[in-house]
J.: 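Mind looking over this structure? Questions follow.
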Amino acid sequence: DGGITQSPKYLFRKEGQNVTLSCEQNLNHDAMYWYRQDPGQGLRLIYYSQIVNDFQKGDIAEGYSVSREKKESFPLTVTSAQKNPTAFYLCASSLQGVALSYNEQFFGPGTRLTVL
Amino acid sequence: KQEVTQIPAALSVPEGENLVLNCSFTDSAIYNLQWFRQDPGKGLTSLLLIQSSQREQTSGRLNASLDKSSGRSTLYIAASQPGDSATYLCAAPDNYGQNFVFGPGTRLSVLP
């Protein structure tokens, strides 16, 4: 089955720790995205990558880091510098990261991160 | 900067009713608009993608329209069912065409 997988589903972090969220896709998509969702708020873009070995900051990149060494994988690290990391994190991908009318975005099931 | 809003924020209807969800965007130079469904604690499921050259798209009981000149899109759900209960979000491309800006969503409850 083609799709996007995220792991773990639930993650607990102690203050001061770095944690890494996994995102893998087998859709052969060039572009991948990380969003954060807080209760009562819309999705906010953390980082995005249009192609392997390249990524850009989104609206709320502070305290987060990413890598894109393989087309299929786009892991997100939540660092200790992120002051309020408790949220629902969603990974997405699209065929390309450019303005194409047929460029449809698909999402993974999400990871819920809680800081203890 | 592209901004996306959705009205109403929440909607509760009895089963069987037809209903309309609204999405507005500020930058009309979009190349597509996408509607999603999100169940509690889950990821987003793509419902419909309307390309800029299209006025509407249909999938089963769902019909989405796009009016770029007025900066509006509507999602029409026919003969609503309790299983339609979820949050519905729309997303439009940002001004650079590289990313997507999401609305806050409409939380729909269909009562049996």
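Predicted model, so just to flag it, every value in this text is computed and none were measured. Labels below follow one simple rule: chain letters A, B, ... track the order of the sequence lines, proteins then strands, and each chain is numbered from 1. Because only heavy atoms are used, hydrogens play no part in the values below, and waters and symmetry mates are left out as well, while side chains stay in.
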J.: Is it the side chain or the backbone of B:L33 that comes within 4.5 Å of chain A heavy atoms, both, or neither?
T.: neither
J.: Can you see which heavy atom on A:N103 is nearest to which on A:L95, and at what distance?
T.: OD1-N, 3.4 Å
J.: Determine whether B:Y76 and B:N18 satisfy the following criterion, side chain to side chain contact (heavy atoms under 4.5 Å, CB included), listing intermediate values before the conclusion.
T.: CA-CA 7 Å; B:Y76 175 83; B:N18 302 326; 3.3 Å; yes
J.: Not counting sequence neighbours, which residues clear salt bridge (Lys or Arg N to Asp or Glu O under 4.0 Å) with A:R112? List them please.
T.: none
J.: Any idea which heavy atoms bring B:T58 and B:G60 closest together, and the distance?
T.: CG2-O, 3.9 Å
J.: Non-hydrogen atoms of chain B under 4.5 Å away: do they reach the side chain of A:Q6, the backbone, both or neither?
T.: neither
J.: Quick one: of B:Q54, B:K42, B:R107, who has the most non-hydrogen atom pairs under 4.5 Å with chain A?
T.: B:K42
J.: B:V110 versus B:I77: any side-chain heavy-atom pair under 4.5 Å?
T.: no
J.: At under 4.5 Å between heavy atoms, what parts of residues 53-81 of chain A are in contact with chain B? List them by residue number.
T.: none
J.: For the side chain of B:Q6 and the backbone of B:Y88, is there at least one donor-acceptor N/O pair under 3.5 Å apart?
T.: yes
J.: Between A:Q96 (side chain only) and A:D30 (backbone N and O only), is there a donor and an acceptor less than 3.5 Å apart?
T.: no
